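Before any comments, here is the structure.
All figures in this text were calculated on a predicted structure; none of them were measured in a lab. Positions are given from 1 along the sequence.
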Amino acid sequence: MLQTLVHYSLHLVAPLLLAWIFFPRERRRMAYIVMLLTMLVDLDHLLATPIFDPDRCSIGFHFLHSYYLIPFYILMCFLPYRRLGLPWWLSAVGIGLTFHMFTDWQDYYLW
């Protein structure tokens with residue numbers, strides 16, 4: 001029960017705190033929504049059999065949770081979007097995906 005509470009708190013409440021810390025006031029709400037939308041990365045679970053296995057770590061197993069993509073998620077957190085002329089919300093996507101991977105990692109390895 002505590003594990004489930006921590007897992008979903010990290011998925012739902014932590015992005016709110018991250019939006020508060022990393023984004024200016026006028027962008028916080030949209031940053032939070034974007035980070036919540038990064039949970040769509042879990043759609044790759046639908047390709048696995050079984051879809052959910054409590055004894056399986058999603059990191060390294062599902063395609064969008066792969067060790068090949070996680071460095072790109074981390075890189076997205078640090079790109080100079082303004083200088084590159086890219087939209088600001090891509091940084092929210094990077095933060096959301098990186099934190100999502102951390103949440104899934106801790107759910108398996110720390111419990």
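Here Met101 contributes atom CE and Thr103 contributes atom OG1; the two are 9.0 Å apart, rounded to the nearest 0.5 Å. From Asp107, atom CG reaches atom NE2 of His7 across 5.0 Å, with rounding to the nearest 0.5 Å. In this structure, CG on Leu16 lies 12.0 Å from OG on Ser9, to the nearest 0.5 angstrom. The line from CZ of Phe52 to CG of Leu46 is 13.5 Å long, rounded to the nearest 0.5 Å.
Within the 4.5 Å cutoff, side-chain heavy atoms of Leu69 are placed close to those of Phe63. Side-chain atoms of His100 and Met35, non-hydrogen and from C-beta on, never get closer than 4.5 Å to each other. Contact of the Tyr67 side chain with the Ile59 side chain is registered, since non-hydrogen atoms from C-beta on lie closer than 4.5 Å. Put simply, the side chain of Tyr109 reaches to within 4.5 Å of the side chain of Cys57, judged on heavy atoms. Between Tyr108 and Asp104, every side-chain heavy-atom pair lies at or beyond the 4.5 Å cut-off. Ile74 has its side chain out of reach of Pro71: every pair of non-hydrogen atoms, C-beta onward, lies at least 4.5 Å apart.
Under the 4.5 Å side-chain heavy-atom criterion for ILVMFWY residues, a single connected hydrophobic cluster contains both Phe72 and Phe102. Residue Val6 is not grouped with residue Met39 when hydrophobic side chains (ILVMFWY) are merged at heavy-atom distances under 4.5 angstrom, including chains of intermediate members. Taking hydrophobic clusters as Ile, Leu, Val, Met, Phe, Trp and Tyr residues chained together by side-chain heavy-atom distances below 4.5 Å, Phe78 shares a cluster with Leu86. Hydrophobic clustering (ILVMFWY, side-chain heavy atoms < 4.5 Å, transitive): Leu36 and Ile95 are in distinct clusters. Following chains of ILVMFWY side-chain contacts shorter than 4.5 Å, one can reach Leu10 starting from Leu97, so the two form part of one hydrophobic cluster.
Between Val41 and Leu64, the shortest heavy-atom distance links the atoms CG2-CB, 3.3 Å. In terms of heavy-atom proximity, Ala48 sits nearest to Phe61 at CB-CE2, 3.8 Å. Residues Leu90 and Met76 share a closest heavy-atom pair of O-CE, 3.5 Å. The shortest heavy-atom contact between Ser58 and His65 is O-CB, 3.1 Å.
No donor-acceptor distance shorter than 3.5 angstrom exists from the side chain of Gln3 to the backbone of Trp111, with no hydrogens or angles considered. Between the side chain of Thr98 and the main chain of Tyr73, a donor-acceptor pair closer than 3.5 Å is present.
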Which pairs of donor and acceptor atoms, one on a side chain in residues 26-33, lie under 3.5 Å apart (sequence neighbours left out)?
unit_1 : atom_1 : unit_2 : atom_2 : d
Arg28  : NE     : Trp20  : O      : 3.4
Arg28  : NE     : Phe23  : O      : 3.1
Tyr32  : OH     : Leu12  : O      : 2.9

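For Asp53, there are no side-chain hydrogen bond (donor to acceptor under 3.5 Å, both in side chains) partners two or more places apart in sequence or in a different chain. Remark: Trp88 engages no residue in a side-chain hydrogen bond (donor to acceptor under 3.5 Å, both in side chains) (not counting sequence neighbours).
A donor atom on one side chain and an acceptor atom on the other are not found under 3.5 Å apart for His62 and Asp42.
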